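Worksheet: the structure to be examined is printed underneath.
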Amino acid sequence: MFCCLFWGEGGGREWKPLEDRSCTDMPWFLLFVVFCVGMGGICAFTVVTGGAARLVFGYDSYGNTCGQRNEQIEGVLLSGLDQTDKKFVFFLDPCNIDIVQRKIKSMALCVTQCPDEELRTYGDLKRFAMINDTELCSYELAGHLYPGHPERFTKCPKLPVPQSKPLPVFNRCTPVDISCYAKFAEAVVTFVSDNSLLHRLIAGVAASKEIIIGLCVLALVLSMLLMVIIRYISALLVWILTALVVLGSLGGTSVLWWLYIDHRLNLNDTLLKKAEEDQEEQESSRENTKALLIYATAATVFTVILLLLMLFMRKRVALTIALFRVAGNVFIHLPLLVLQPFLTFLSLFIFWVYWVLVLLFLGTSGNPVQNEETGLIEFRLTGGLQYLTWYHALGLVWISEFILACQQMTIAGAVVTYYFTRDKGRLPVTPILSSVLRLARYHLGTVAKGSFIITLVKIPRLILMYIHNQLKGKENACARCMVKACICCLWCLEKCLNYLNQNAYAATAINSTSFCTSARDAFVILVENALRVAAINTVGDFVLFLGKILIVTSTAFAGVLALNYQRDYTEWVLPLIIVCLFAFLVAHCFLSVFEIVVDVLFLCFAIDTKYNDGTPGKEFYMDKALMVSRWVFAACARGIFPCAIGAPRGDYGSERSLCSFPEV
């Protein structure tokens, strides 16, 4: 990314919105296609080598896949059996669970039928084997020999054998009574120590499922409404925020000075009354007084700087409000933008399901290996095949980021079309579809390159997070602190790159330039308008955060009323937590789309004010609300309104579009 900022083609040329459309970053598109082919090759490998079949149909402890003929495994006597009629996997001790590895350690057999009743004695095992023509003990033991065979304790199921039924699709015999999985549940849900509490919480969720679904729908509706009405309440939210910040800083500073004066007076009285007594108490009072003085001074400096910044940026706050209003207009003209979170989530969900299935296939692929501890056959990837899992993990991050980047590019393309269309009545019938088609035809390579850059930062961060988790409980606190610092730095870098990528996609949507050129051009525009960017990212993000809080609190309040109305629900905590988490997730998804729209609008506005001045042939593209905001800035140059502090008239640097418009 940083190389892109310096190696991109020159930024002196004029921008040509929606003109000269051409393919961008084709080598990266081809690289991404090759990578996706490799991901598909991993899936094909698991299918060809039998990993997929072993996962779906199951296999026994001798390497035989249930429900089909098998080939002999060298060195394993009971392998290579014809299990065509034995379609179910039966575990001799289904409750013997390895809590660390999260798997059943018991021997597994292929059987024709799962035991549909509890079997308490070896005589019951014999009877079940004779009636149903299926052996529940190891294959070398004949059914009629079960009661007296000397190896029955090791090669027959643990008594009593619980009643079982097969899992749909995966054909594993699972006990009807899942109480034997209590230890496994405790390992997964480690934060619950009281089983009765867990049962009450689950019962509460089951009893209030209709209310939970209704509240989730309410959160969805509120999020969609807020994206439209935030244009009307953004000014109110901004000025409330400003007032709270000013009053809070002034109030906090005043309290600190009052505490300092109070401690100072008390210290003087103490010195007069007890000149030579209680030296330790006096020393403690002096230290407290000095600390309060330092705090009060620091708070005063912070308050003065904050007030000067707010005075300096007050006009830019007005621009933020104007952008919010125009963003509301964008959603009115482009209502299909509201569906973007659904489509993105659906795409991610389909890919994640596919990824998890292939990962499970990989877990049952590879070469048969005998477990030294249990003597059972397991399938493991050995040699170079072990790297398939790492390749698959890389695909999870890159393709997920690619899907998210496609959403950003699609939204940017639609907003650019809206902004640079002078007559809004002549917008394309489906700007979103047009943007998707442009993305698919011209700019998939740019999206692939941008998402790969994020992947290069995200993967080291995930690895460090794993290392930090492994270091928990260890004595090396210094190593943990250094790893945590690296994680924080990578997280900050990832956020910055995400923001730059988003603006690079918008520049590509405007100019149809490559990723590096677009990143450089967008970076130059952002630097020229650094103060405006700061105002939008601070005030705007906080307003959107307040919107998320509003949706969560409204949904939670409605949940309390609904659960209170239905007195039968004794457990409210977990249902409300589920609803609040879902509400925040939905609000974040929708308002993130709103945030992208605001950022793209600002980039378009900055380009518009840089290359157009309102004269014939260089008319502005901007909306009326932004035109008013621009006129306020232009009025600074004429003295109609006082210029922002430190913004000289006629400065064509970062303040050009603020106070250098003589044409009013």
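The first residue in the sequence is number 1, and the count goes up from there. Model, not experiment: these values are computed from the prediction.
- A 4.5 Å side-chain heavy-atom check between Ile411 and Gln407 finds at least one atom pair inside the cut-off.
- A side chain to side chain contact (heavy atoms under 4.5 Å, CB included) with Met409 is found for one member of Leu439, Asn501, Val436 and no other, namely Leu439.
- For the pair Val600 and Cys604, the minimum side-chain heavy-atom distance is below 4.5 Å.
- Side-chain atoms of Thr417 and Arg438 form a donor-acceptor pair, as typed in the model, at a separation below 3.5 Å.
- Between Thr344 and Ser347, the side chains place no donor N or O within less than 3.5 Å of an acceptor N or O (distance only, hydrogens not considered).
- Under the 3.5 Å distance criterion, with hydrogens and angles disregarded, a donor-acceptor pair is assigned to the side chains of Asp25 and Thr446.
- Minimum interatomic distance between Lys458 and Val397 (heavy atoms only, all atoms of both residues): CD-CG1, 3.5 Å.
- Checked by atom type and distance alone, the side chain of Ser512 never pairs as donor or acceptor with a backbone atom of Thr508 at under 3.5 Å.
- In this structure, Phe523 and Leu500 have side chains that are in contact, with non-hydrogen atoms separated by less than 4.5 Å.
- Aromatic pair Phe605/Tyr621: ring centres not closer than 6.0 Å.
- Classified by interplanar angle (parallel below 30°, tilted 30° to 60°, perpendicular above 60°), the ring pair Trp398/Trp28 is perpendicular.
- For the pair Val552/Leu581, no side-chain contact is recorded, criterion being any heavy-atom separation below 4.5 Å from C-beta on.
- Side chain of Ser554 to backbone of Ile551: no donor-acceptor contact under 3.5 angstrom is found.
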Going through the distances and angles, do Phe35 and Phe402 end up as a ring-ring contact (aromatic ring centres under 6.0 Å, His included)? CA-CA 12 Å; Phe35 182 84; Phe402 177 84; over 10 Å; no
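- The one candidate from Leu493, Leu404, Leu497 that meets the side chain to side chain contact (heavy atoms under 4.5 Å, CB included) condition with Ile454 is Leu497.
- Using a 4.5 Å heavy-atom threshold, the side chains of Thr253 and Phe302 count as separate.
- The shortest distance between side-chain heavy atoms of Phe331 and Val338 falls below 4.5 Å.
- Trp355 places a side-chain heavy atom less than 4.5 Å from the side chain of Met39.
- For an aromatic pair to be called close, the ring centres must be under 6.0 Å apart, and Phe342 with Phe590 satisfies this.
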Steps toward side-chain contact (heavy atoms from CB on, under 4.5 Å) verdict (Leu31, Phe452): CA-CA 11 Å; Leu31 177 63; Phe452 183 75; 5.9 Å; no
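- When side chains are defined from C-beta on, Asn329 counts as touching Tyr418, because their heavy atoms get closer than 4.5 Å.
- A distance of 9.0 Å separates CD1 in Ile596 from CD in Gln340, rounded to the nearest 0.5 Å.
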